[in-house]
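These notes are about the structure you will find just below.
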Amino acid sequence: MTVGSVETRTDFAPFEARLGDGILSRDRMVGMPVFRIKREAIADALRFLRDEPGLRFNMLTDLTVVDCIGLHDGDRFDAVYLLHSLERRERVALKCPVPEEDPFIDSATPLFKNADWLEREAYDQYGVVFRGHPNLKRILNHKEFVGHPLRKDYDIYKGQWLSEADDLLDELEIRHRLDPKPRSSDRETMTLNMGPSHPASHGTLRNLVELEGETVLYAIPEIGYLHRGFEKSAETHEYNQVVPYTDRLNYCSALINNVAYVKAVEELCGIEITERCKYIRVIITELSRIMDHLVCNAANLVDIGALTNYWYLFNLREKIYNVLESLTGARLTNSYARVGGLWADTHPEFEDGVKMLLKETPKHVNDTLKLVARNRIFLDRTVGVGAIGTEEAISYGFTGPCLRATGYEYDLRKELPYDGYDRFEFDVPSGHQGDVYDRVMVRFAEIFESCRIVEQALAQMPAGPVNVEHPSIIIPSKKETHGSIEGLVNHFKIVMHGVDVPKGDGYAGIEAANGELGFYIVSDGEMKPYKCKVRAPCFQIYSAYPRLVEGGMVADAVAVLGSLNVIAGELDR
Amino acid sequence: MTDQKGKGSGAGADRVATGRFTTDEIPPESVMLTRLDAALNWARKNSLWPLPFGTACCAIEFMGMVSSVFDLSRFGAEVVRFSPRQSDLLIVAGTVTYKQAPILRRIYEQMAEPKWVISMGVCASSGGFYDNYCTLQGIDKVIPVDYYVAGCPPRPEAVLQALVEIQNRIVANPAPR
């Protein structure tokens, strides 16, 4: 059967039989089939979908809430669960209506480990209470915040001051109670704040750690220091105006965010972009992936004391900056993609620039690898540190290099190919035990694979237009605008009303540098997104941080943090 | 020191006297007369120790500024310190939220005088295009700022210009703050 743009091969009959009356209706969204179910049935439904052999939806891709006050007259909130079966390459969504006067639903934390932070975020932003959650506390907004900002009746400009940072001792108390750890009786423990202003805190991460000697007993991460309201801002801007906001999600690879966002909007509109556009997007995506891995590995190596690599890797990054700047006009925050195409076609020198990069990249990376790959100190600091197994990683929602480092070769470019990735030959590097060493090396190996893809894409790039021909999506050329009445009308319409996106919702995810970057967009047919939820890869990966560092040394906590590539912009949004 | 005081010809020259020599005995080519505050300011100017309060995208451009292409060390300011006690130039690089504001304030207060602040990028300067419920609309609501740099993010050259401007102000300052 076909649902939206995705054909689903899954037989949901056992699921429907199991839930019976629990299913309110069958629905569809772009990208996957949807079941509307009663909220009482949610735990059972999730468990069945996860464990039933023919279904095996083993990853909770995202969990969010939609405030339906402007969409229909039914219950105010919809809790939305996006599930992904990694082995069968299928997705499904569950929606549960939740009334405003009694906004609770059962927690999914016993089933999926990443539900912990996802539910805290949904509670923080919408005020939906997840029953049975061990620590349902605000996560993005501060402790003195009143109200729930993503509810439609919360004024976007209403800022609230915080008088003093949270001491986090209440969370430590909960951990002591739920997860008591044996400790030697003669040694006192020490609680210590790492961050938010700390050389290894990568921007704005904070951890309260309880140490016994140098061993980390408990780590309590606090995030939200860079929560700058992406979603609320997106709801007040036209679709194309959201593109600059996406730059600043993962600012180490802004172009990938651009592409991921416009791809979600395009799928919602049902537009197929042009062939040339696909190739250019592949090239800029892969160059951005290289840049992202450079920053991540450079910073990770600096954090564990290897400074020279930083100079080597950042020099290459500067060279990529120059090429992208000549293409987009900006070094870092490019805002290059548009719904239905790109801001502009490439220029003749762009190809030469990319060819130069293809020559330079392996040189710089090999120089670095000579310094680290067999370096005794590097190996001592990374091998076996912060290791995690595949199954647990999936439960935490790991994707991208962090999942592949555990030995599971899962890459959306191979599994659910988009933008013509199935035409390119490349390998998916993977590790063995999911430790810091594997994560660093997987990233280095991916840089070489990205070079292979760019090389092929450059050789095969067809001529032709970069933008779709669609008067309600793409602004007409100057010639048409000034030369014909239709052109003028279309120009006026797009400038005044923005891109025409039909009513509905949909999810699209692509393989970003960090993992699966997806956008779940709800459109009410107006000029602005009704809701725009980012599935940020590092949000879920970082929720596993305590699991990775507890029991290890405090210095290893720094090495682990760098290897997860946590970018505060997309972590906190 | 005290018993050498009457020996020189004038009170000003006396102050130059060291414990062992009077001004008459020091070879003239090895002496440069200046004011104490000018000497201190000269030293401060050329050895600013920045604390990068990097929160967002601007922090990545800060990394670019430190790396070898733009090379912050040309201006004597490459000793990046994350301890406020050891630094005298606070570079706020990135968006500061209401949640972050008390921490920024505390870090500024922990820095010893004299100290200077560069607000790098529009988010730090005015909130930028994050005009919403969680973003502080400019760090000057919680700490004083010496120099604002426009850009989202600013190019490294723009921040270097801010640094040079701070250096000029340090020299022009008659007395250390």
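Just so it is clear: chains get the letters A, B, ... in the order the sequence lines come, proteins before strands, and each one is counted from 1. None of the values given here were measured: they were computed from a predicted structure.
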Inset, instruction - Evaluate the side-chain proximity of B:F70 to A:E318: yes if any heavy-atom separation is below 4.5 Å, no if none is. - result: yes

Inset, instruction - Go through the atoms of A:Y245 and report whether side chain, backbone, both or neither lie under 4.5 Å from a heavy atom of chain B. - result: both

Inset, instruction - Please look at B:F129 and chain A and tell me whether the side chain, the backbone, both or neither of the residue comes under 4.5 angstrom of a heavy atom of that chain. - result: both

Inset, instruction - Evaluate the criterion side-chain contact (heavy atoms from CB on, under 4.5 Å) for residue pair B:Y98 and A:E144; output intermediate values, then yes/no. - result: CA-CA 10 Å; B:Y98 287 110; A:E144 292 167 14; over 6 Å; no

Legend entry - Check: A:L226 main-chain N/O paired with B:T97 side-chain donor or acceptor under 3.5 Å: no

Inset, instruction - Might you confirm whether atom CD of A:E164 has over 12 heavy atoms from other residues, nucleotides or ligands at distances under 6.0 Å? - result: no

Legend entry - Separation of A:Y310 OH from B:M63 CE (nearest 0.5 Å): 4.5 Å

Legend entry - Best-contacting candidate, A:C252, A:A298, A:S163, A:G224, against chain B by heavy atom pairs under 4.5 angstrom: A:G224

Inset, instruction - Could you look at B:V80 and say if it's the side chain, the backbone, both or neither that has a heavy atom under 4.5 Å from chain A? - result: neither

Inset, instruction - Between chain A and each of B:S83, B:P52, B:P156, count heavy-atom pairs under 4.5 Å; write down the option with the most. - result: B:P156

Legend entry - Atom of B:P102, atom of A:L162 and distance for their closest heavy-atom approach: CG-O, 3.5 Å

Legend entry - Interchain contact, A:E222 with chain B, by part (heavy-atom threshold 4.5 Å): side chain

Legend entry - Salt bridge flag under 4.0 Å for residues A:E325 and B:R155: yes

Inset, instruction - Would you indicate whether A:W161, at its atom CH2, is surrounded by more than 12 heavy atoms from other residues, nucleotides or ligands within a distance under 6.0 Å? - result: yes

Inset, instruction - Please name the residue in the list A:L332, A:T333, A:I567 that meets the side chain to side chain contact (heavy atoms under 4.5 Å, CB included) test with B:I60. - result: A:L332

Inset, instruction - Quick one: do B:C152 and A:R248 satisfy side-chain contact (heavy atoms from CB on, under 4.5 Å)? Show the steps, please. - result: CA-CA 10 Å; B:C152 188; A:R248 290 152 182 83; 3.1 Å; yes

Legend entry - From CA spacing to verdict: side-chain contact (heavy atoms from CB on, under 4.5 Å), A:H227, B:Y133: CA-CA 10 Å; A:H227 174 53; B:Y133 62 91; 2.8 Å; yes

